[in-house]
Number of protein chains: 2
Amino acid sequence: MRRELVAAAVRLFRTRGYEETTVDDIAAAAGVGRRTFFRYFPSKEDAISPDHEVALARIDEVLTTAHPTEPTASLVVRAGETVFDLYAEDPGLSVERFRLTHEVPALRDRESARVDHYRRLFTRRLRERFAGEPDGDLRAAVIGAAVVAAHNLALRGWLAGGGRPDDVEHHRERFRKVIDLLPREPGTPDVTERLEAAVARLERHA
Amino acid sequence: MRRELVAAAVRLFRTRGYEETTVDDIAAAAGVGRRTFFRYFPSKEDAISPDHEVALARIDEVLTTAHPTEPTASLVVRAGETVFDLYAEDPGLSVERFRLTHEVPALRDRESARVDHYRRLFTRRLRERFAGEPDGDLRAAVIGAAVVAAHNLALRGWLAGGGRPDDVEHHRERFRKVIDLLPREPGTPDVTERLEAAVARLERHA
């Protein structure tokens with residue numbers, strides 16, 4: 001039923017216009033009453049974004065079940081990719097939603113708020129992970145914001161290009177590049193520093 | 001007049017409650033009519049945040065007038081600090097606004113939207129700065145999001161602690177630490193180049 005309601009909402013928003021469509025219209029088009037609609041969605045705006053809670057739950061599961069030794073960059077990219085997967089499961093709906101979000105101010109505001117939920121979830125979990133580390137809060141805030149921004153850029157790139165299944169991997173790869181732009185794990189001297197130190201030891205012996 | 005209206009709005013929101021206060025109440029308390037109020041603010045929500053456009057303009061000025069050789073990290077921190085200055089000019093109002101933003105859902109949503117304006121402005125200007133560089137869009141998105149997240153964390157830390165003038169410098173310093181967490185400037189010597197230099201030093205000693 002959820003699926004039927006989403007399909008009806010997308011069809012009506014597109015043909016009749018978002019503002020002109022009521023919850024009653026969507027319910028009727030799906031062959032049910034408005035009470036049934038409200039069992040699935042709290043409001044009209046939610047009828048085309050049914051996956052937000054699922055997306056947050058998937059991210060949270062990855063972040064809370066990760067092994068403590070997994071590098072943070074790999075962890076946050078894994079978590080972000082679950083959202084990519086979710087959008088890629090139904091490219092037609094994802095593209096339609098993307099278009100409507102750009103055209104309808106009410107949906108755009110909703111979308112901004114949603115993106116901020118992701119950012120706050122990442123930041124909160126990372127703060128727990130970095131608890132006790134110097135400037136752990138700051139690192140959590142920076143990484144949380146950075147990973148969500150990179151994810152959105154890549155996902156929107158895919159959707160703006162029509163959401164073609166053949167293109168998913170290219171844009172997913174683009175998202176993964178954020179790994180190189182995230183702050184270095186504290187406590188792990190980077191490759192360069194370690195090698196420079198090795199050469200310096202060698203120099204002392206030369 | 002703007003200042004009087006802001007003072008009246010803060011006083012009424014605090015004593016009577018945000019929802020219970022009307023634009024007419026604010027105007028009357030400042031000794032003017034509602035038409036005068038609307039000459040200064042588009043809505044009730046804006047009455048306690050009159051500086052948003054000023055803040056965006058200051059950020060934009062720093063970003064658009066910067067010398068091309070200034071390191072990006074120093075540039076974005078300079079731009080972010082102009083907003084810190086703005087809040088520090090009137091700590092009492094800033095703290096009051098911060099408290100109300102936490103208590104009133106309508107103001108909280110407004111605040112999220114505002115923060116997103118900052119992020120988008122940084123990202124847009126950085127994208128121009130990085131035009132033609134590989135993954136310039138991604139770097140712009142990551143740095144824009146990171147700097148705004150760090151700024152908010154530091155600013156909110158200061159306001160949550162009461163917005164004391166003596167503490168400003170400490171929280172400003174906290175914001176500046178974001179410099180160490182931003183991606184490396186492309187074109188700065190990479191791993192290979194640094195190792196080549198180290199090995200060259202070794203060769204000279206061999």
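So you know, we letter chains A, B, ... as the sequences are listed, proteins then strands, and number each from 1. Atom set for the values below is all heavy atoms of this structure, side chains included, hydrogens, waters and symmetry mates excluded.
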Here's one to test your reading of the geometry: is the NZ or CZ of Arg3(A) within 45 degrees of the ring axis of Tyr40(A) and under 6.0 Å from its centre?
no
When only heavy atoms count and the cut-off is under 4.5 Å, which of residues 142-155 of chain B reach chain A?
Val142(B), Ala145(B), Ala146(B), Ala149(B), Ala150(B), Leu153(B)
Counting only heavy atoms from other residues, nucleotides and ligands, does the tally under 6.0 Å from CZ of Arg108(A) exceed 12?
yes
Assert yes or no for the condition that the ring centre distance of His102(A) to Phe98(A) is strictly below 6.0 Å.
yes
Taking atom CG of Leu182(B) and atom CG of Leu182(A), what is their separation to the nearest 0.5 Å?
11.0 Å
Donor on one side chain, acceptor on other, Thr82(A) and Asp85(A), under 3.5 Å
no
If you count heavy-atom pairs under 4.5 Å between each of Asp137(A), Leu181(A), Thr123(A) and chain B, which one has the most?
Leu181(A)
Who are the ring pair (Phe, Tyr, Trp, His ring centres under 6.0 Å) partners of Tyr118(B), not counting sequence neighbours?
His52(B)
